[in-house]
Structures are given as structure tokens and as C-alpha cells.
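All remarks here apply to the structure that follows.
The structure presented is a predicted model; accordingly, all values stated were derived computationally and were not measured.
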Amino acid sequence: MIIFFRKLSESWPAKILLAILAISMMSVFGLGGMTSLWGKQDVVIKVGSNVVRSQDLNNAFNQELSRARAMMPGRYLSPAEAIQMGLLNSTVQKEVSNRLKWIMTEDMETIASNDSVRNYIINNEAFQTMMGQFDRALFDAYLRQLNLSEAAFTSNLKQELAQKHVFDAIQAIVATPSLLTKKMYAYENEARDMSVILIGPESVKINEKPTQEDLKDYYDAMQDDLYAPEYRTLSVVRITPETVADSIIISDEELQSLFEENKESMSTPERRLVSQILVQDEKQAQELMKDLTVQNFAETAAKIGQTDEDIDLGWLTKDSVLAELSVPMFEASKNSLVGPIESPVGYHILWIKDVDPAKTVQLADVKDELIKKAKAEKTYDLMYEKSKEFDTRIGAGETLEVVANALQLPIEKDVVTDVSGFDKSGKNSSLNNPEAVQVAFTLPENEVSALVDEGDGYLAVRVDQIEPSKLKSFEDVKDVLVAEWTKDKQKKQVQGYAQDLFERVQKGDSFKTVALFGGLKVQDLKEIKRGDLQTLPAPIGEELFKAEPNKPLLLPLDEGFVLSKVEKVNMPDASSDEIGLKTVEQDLNNAITSGLIEETLLYYSNREGVTVNTPLIEQTFSVYMRPENN
């Protein structure tokens, strides 16, 4: 949203947005007053006469989870993690919003035709081959990924297209007044040249030294901040892929079987480097072939308007091309011409520029990779087994050393940490797990914790020694006391120092002269717009855009001050920036359209009524929060 709208927080679009947010809040767990049931015990959401049952919400949640996982390759997102991240809450909101939109389109008698649905699917690039043809296999793979049937997908798409018709109609009636557009453009693009000097406590030099009595007073006053934290020395056992991998043995028989299973996928199919001339008329294709050679191929293509980029198909495998092309393309010899070949998209003339033969992989070539894969497949099962046995044996009273040795797990000794996870040097301790640190500080000496989940494994800790918190000695913290005394002195003097510099500027001294006098730096900021205010502390930037030119300002900032002055104000000329003016107009139109759509949905929400059965949702999804399901 453009910055101008941040200033309109009290305007009607903002109020509409807040009202819409009220709908969303109905789906937040723990909200009271929405716990009634409606006859059917599995109804979790009711929008007018439309209901969402537990299974419907579960299906919708799993579809959203599939989308989220597709956006996080290489990482397994568990249902529990997704719920904690807010995915269930957003799914509930989406289900409410979808049903309000369905009611709206039915009420307005808006329908998307079957042809429009078919055209959308066929023309969607996600379902097309490199040749721009609809690929049923890609479409089916997409449906499988989202766990959707074709009927459900087309039904949802029909609804979405019908809603788009309504929203497009709303946008079509939006017309932003040109005067408002120009004023917003001016607001956004007003640029100022500024001079800024930062005056912090460090700008004031303190030559005075604190006396021993001063430091004693500070020591007495600061004792609450001068305690060394409690430290605990731990022994740590981790059950991770790394700590269990060495105990996994892959037999020669397993390795050979795994090789046979993966041999084809690990081998490289034959590839061919191909250029193509594609025309729609068979007669034209035959004419082109008469005088065509590999030497004049590109020149011939250029004569009919096809560029090098148009004709270059790159390296292709047999299963990546149209069925009509695959046999002749892969039977031809290197550097030969093939065609014309007819396909649904026209007539193809092919130049087989190069051939990369198929390569069959040997077991010796991929042995290490297969062993790694086989171990990875067994790792998590073994980790689970070892974690269960670990808990059982520790619970039965066996020592950490005995259990770790039996399970072939290493023990990390002498891990020192405070309750914040830092060691005595102030660095992160090697434990590096906030939950485990908190657990360690609940245990007495010599007790072993239950296993703590680390995401990719588990760990357990034993408290070997507790070093209680204690007040640091005067000598140990003397440097801290001196620094604090100096800092306080600087704070007291910086205000007078800043005021003195301000008065000098008021009397006519330049910023450069004042900066040199004080050993400070002038920041000369040129052509600063409101959108650039992040380069300045927020309150300073706002004041500088209110200030009159050439009038110095002294503004407080944290523990210091900012001495500043607007040197020049440059007002934009909208008539010379047609693109910028159009962009502002489009931003305005989008903002108003969004407000109208939100107001429309709010109308239907108020008319139909929205209720969310929060306890039943919590009960339905509690199964995902169990440890064994994550």
C-alpha cells in the first residue's frame, strides 16, 4: 500500500478493513461466545445455511498443508508445526470467506461457463509442455499433489471464476478523481534535501575520573544487575542421524537390491540437441525441405520470421517430446535433417545437431550414494527405536553412561550454560537448544531429563553440577561501574552541548562549521522522499517533512539529539511523469476496489451470520498435536 494510505488510517477503507478483521477473529481459538452446536455434532463452521463439517475442514487443512510443503522443499512440515504457525486458523478464515463469496455469486446470479473453465485449464502454463501444449499428466500430478479430484477442482475453479467476474465488475466501476491522484502523486514524490547531525552521549568527552566513593555508590545501587547467573554443568546425549548412522550396516544383498531398484533412474537417457522449423502448412514445409541443409538451416528459418531463439529446442530426451516426433527424432543420425513430420501443432522440420548417448550407471559408481540413501531410509526408524529404549532404560534407573554405551551414543561432557543458554564467556553454549536449557534448570543434580525433541533428533541432559548465582566482587565489575558512571555523566552533559550547537546554527554558523567544531559528521541527504524515511529514525523523518525550509530543528533521539535542517524542497511535476502518475492512480483504484470488495463481504456476513465452533475444531485437530503423529 502506498504511503499516503498509511496516513488515512481513520478513513472508510480502514474502517471496512477493521470490520472484515472482525470476521477473521471469529476463527481465533479461545474466542468466547461461539461454542454452540447446531444439531449435527460434526459441524464446525456455519455461514448462513452453509455448513462446514469436521471432515471438510480436515480436507481443506490438508490441502493447505500440501501447498505449504510444496513451497518448502527439503523440509518436512508436520501438521503440528503448521497449526502452530497459524495454518489451521487461516484455513478456517478461508473457509468462511469462500462461503461468503459463494453466497454472493449465487445472490448476484453470476455463473462461470464450462467453456471458461476448460479454457482456463488448457491455457494455464502450469499444465503445458515446453511446446505450449496442454499435458494431461501435468494436470493430474497437480491434482494428486493437492489431494483433489478433478470434479472438486473444476467445481472450485468455477466458483473462483464466477467470483472474479463480480470483482472485475466492481473494479470496472472504480474511477479515482484526477485531483486526488495528483495530490497523492505530489505527496509521494515530494523530495527534500536535508542536513543532519547526530549528537549522542559519546560526542561529549568526560575528562573527569570517578572517585572510589563514586564507584562504591554505583556498586551498591547496581547490585541487582551485578549478580553472576547460576551456571549448570551438564552431560548431553543426542540421538540424531549423525549419532546413529555408524551403527547401521548395509549388507551386500541390500545394496544390490537397492541398485536394481534405482538403476534406471540413476542412468542417463539418450539426449539429442535439436533445432526445429515449425510451420502450419504442409506444402510450405515440403518447399522448405527442397533446398534445406544444416548449413542454411538458421538462414532459412530467418526468411520465414523465425529467430535463433524460436528454432533452438536445446537438449531433449525421448519422453520429453511429442509422441509424433519421438521415433523419427531418435532414429536419425547426428547432423541430419528430418521431416516434415505432422503433429497437432503443425509440421516440424528437425535438425539433429548432436547426440549424447545413454549412459548406464554401474554399482561401483554409485555405491557410496546408495549406502547413504539406504542409511537415511533406516535412520529415523532406528532413532525412534533408540529413543524408546533410552527412555525405558533411564526410567528403570540405569545410568546415563550405561545406556549411552549400550545404544552406541556419544556423551558430551562439561557443557556449561546459564538459564539464557550462554556459557561463562558470554557465548552460546554448545547445548544450543532453548527448550533443553529450560529443562536442565528444572532438574536436581545427577538427574537425567526426558528426551527433548530437536526437530531432526532428540537430546537428553544430566545435571552434573550446580553453581549458584552470586554477587560479583567490586574488583570484578570495576570496569562496568566506570563505564556506567561515565555514561551517566555524558547523558547529563549532552543536552547542554546539543543546545549550544543549536544556538550557533540559529545565529548563522553553517552545519559544516558546527560539525567541525564538535568533531561530528554532517549527513547531507539529497532528494529524500517519504518512501525513503527508513533511512532516518521514524520521528526524525516525520518532523523533517513538516519543517519549514532553512529553519534548524533540535530533536530528541534515544539518549541524544538530532540537529537538522531542510535545505531545499523539490515539488514534483506530474505532467512530466505519466508512468508515475498512472502507477499512483492504479494503487488508488486497487485500494478502493479492495475496500468495496471487503464491504460487500461484510454485508453478506452480517446478513447471513457466521459462527465457528472453536471447541469442536480444537477437539478434531488435537490428534495432530500428539507426539507420535509428528
Side-chain angles (χ1 to χ4, degrees), residues 3-4 6-7 9 187-226 477-571:
I3 291 173
F4 184 79
R6 297 177 192 153
K7 303 297 182 182
S9 58
Y187 182 90
E188 286 292 320
N189 291 284
E190 175 190 338
R192 296 189 166 207
D193 295 347
M194 309 170 183
S195 295
V196 176
I197 298 176
L198 299 178
I199 309 169
E202 69 281 356
S203 304
V204 178
K205 306 301 180 185
I206 304 296
N207 297 319
E208 185 183 354
K209 301 293 183 184
T211 65
Q212 194 76 352
E213 289 71 23
D214 291 332
L215 297 182
K216 288 287 187 182
D217 290 342
Y218 268 76
Y219 182 72
D220 293 339
M222 294 176 59
Q223 284 195 2
D224 288 346
D225 301 318
L226 299 177
V477 297
K478 194 170 183 178
D479 289 345
V480 174
L481 301 174
V482 171
E484 195 67 22
W485 179 91
T486 304
K487 184 179 177 182
D488 286 347
K489 282 287 185 181
Q490 288 174 323
K491 285 181 185 178
K492 292 175 183 178
Q493 293 188 26
V494 71
Q495 183 170 3
Y497 179 61
Q499 186 64 37
D500 179 57
L501 297 181
F502 177 56
E503 290 173 359
R504 293 186 61 166
V505 171
Q506 285 182 313
K507 291 175 182 178
D509 285 356
S510 70
F511 265 56
K512 185 176 181 180
T513 299
V514 167
L516 287 173
F517 170 79
L520 303 170
K521 291 183 179 180
V522 180
Q523 296 182 45
D524 290 317
L525 308 176
K526 303 295 185 183
E527 293 289 314
I528 298 296
K529 299 180 181 179
R530 284 181 169 86
D532 303 321
L533 288 181
Q534 62 268 24
T535 61
L536 296 171
I540 306 304
E542 292 169 5
E543 290 299 324
L544 285 171
F545 266 88
K546 296 176 185 176
E548 299 175 17
N550 298 311
K551 184 177 180 179
L553 295 175
L554 185 64
L555 303 170
L557 176 66
D558 298 330
E559 297 175 350
F561 292 85
V562 173
L563 182 58
S564 57
K565 184 173 67 171
V566 175
E567 305 286 355
K568 183 182 177 183
V569 177
N570 304 302
M571 296 305 297

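- Nearest heavy-atom pair across G200 and V494 is O-CG2, 3.6 Å.
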Quiz item: Does the side chain to side chain contact (heavy atoms under 4.5 Å, CB included) test come out yes or no for K551 and V566, once each step is laid out?
Solution: CA-CA 7 Å; K551 184 177 180 179; V566 175; over 6 Å; no
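- R192 CZ to L544 CG: the interatomic distance, rounded to the nearest 0.5 Å, is 8.0 Å.
- Annotation: the span from K526 atom NZ to M194 atom CE amounts to 11.5 Å, rounded to 0.5 Å.
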Exercise. Mind running salt bridge (Lys or Arg N to Asp or Glu O under 4.0 Å) on E190 and R530 for me, showing each step along the way?
Key: CA-CA 7 Å; E190 175 190 338; R530 284 181 169 86; 3.2 Å; yes
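- When side chains are defined from C-beta on, E527 counts as touching D193, because their heavy atoms get closer than 4.5 Å.
- Taking every heavy atom of both residues into account, L553 and E543 meet most closely at CD1-O, 4.2 Å.
- For K487, the salt bridge (charged side-chain N to carboxylate O under 4.0 Å, His left out) criterion is met by E559, not counting sequence neighbours.
- K565 and N550 form no side-chain donor-acceptor contact under 3.5 Å, judged by distance and modelled atom types alone.
- The minimum heavy-atom distance linking F511 with S564 is given by the pair CZ-C, 3.6 Å.
- Atom CG of L520 is separated from atom CD of E202 by 9.0 Å, given to the nearest 0.5 angstrom.
- Note that CG of D220 and CE of M222 are 11.5 Å apart. Values are rounded to the nearest 0.5 Å.
- Put simply, CG on D214 and OG1 on T211 are 3.0 Å apart, with the number rounded to the nearest 0.5 Å.
- Considering every non-hydrogen atom in both I206 and K489, the closest pair reads CD1-CB, 4.0 Å.
- Contact of the Q212 side chain with the K478 side chain is registered, since non-hydrogen atoms from C-beta on lie closer than 4.5 Å.
- For E548, the CD atom sits in a loose shell: 12 or fewer heavy atoms of surrounding residues, nucleotides or ligands are nearer than 6.0 Å.
- One distance of note links CG of L555 with CZ of F502; it measures 8.5 Å at 0.5 Å rounding.
- At least one side-chain heavy atom of W485 sits under 4.5 Å from a side-chain heavy atom of E208.
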Quiz item: Stepwise, does the side chain to side chain contact (heavy atoms under 4.5 Å, CB included) test hold for E567 with D524?
Solution: CA-CA 9 Å; E567 305 286 355; D524 290 317; 5.7 Å; no
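- Annotation: side chain of L226 is in contact with side chain of L481 (closest heavy-atom distance under 4.5 Å).
- The environment of NZ in K568 is sparse: at most 12 heavy-atom neighbours from other residues, nucleotides or ligands sit within 6.0 Å.
- Note on residues 492-505: pairs passing salt bridge (Lys or Arg N to Asp or Glu O under 4.0 Å), not counting sequence neighbours, are R504-D509.
- When all heavy atoms of I197 and A515 are compared, the pair lying nearest together is CD1-CB, 4.0 Å.
- By the 4.5 Å heavy-atom criterion applied to side chains, L501 and I199 are counted as neighbours.
- Dense packing is recorded around CD of E484, with more than 12 heavy atoms of other residues, nucleotides or ligands lying under 6.0 Å away.
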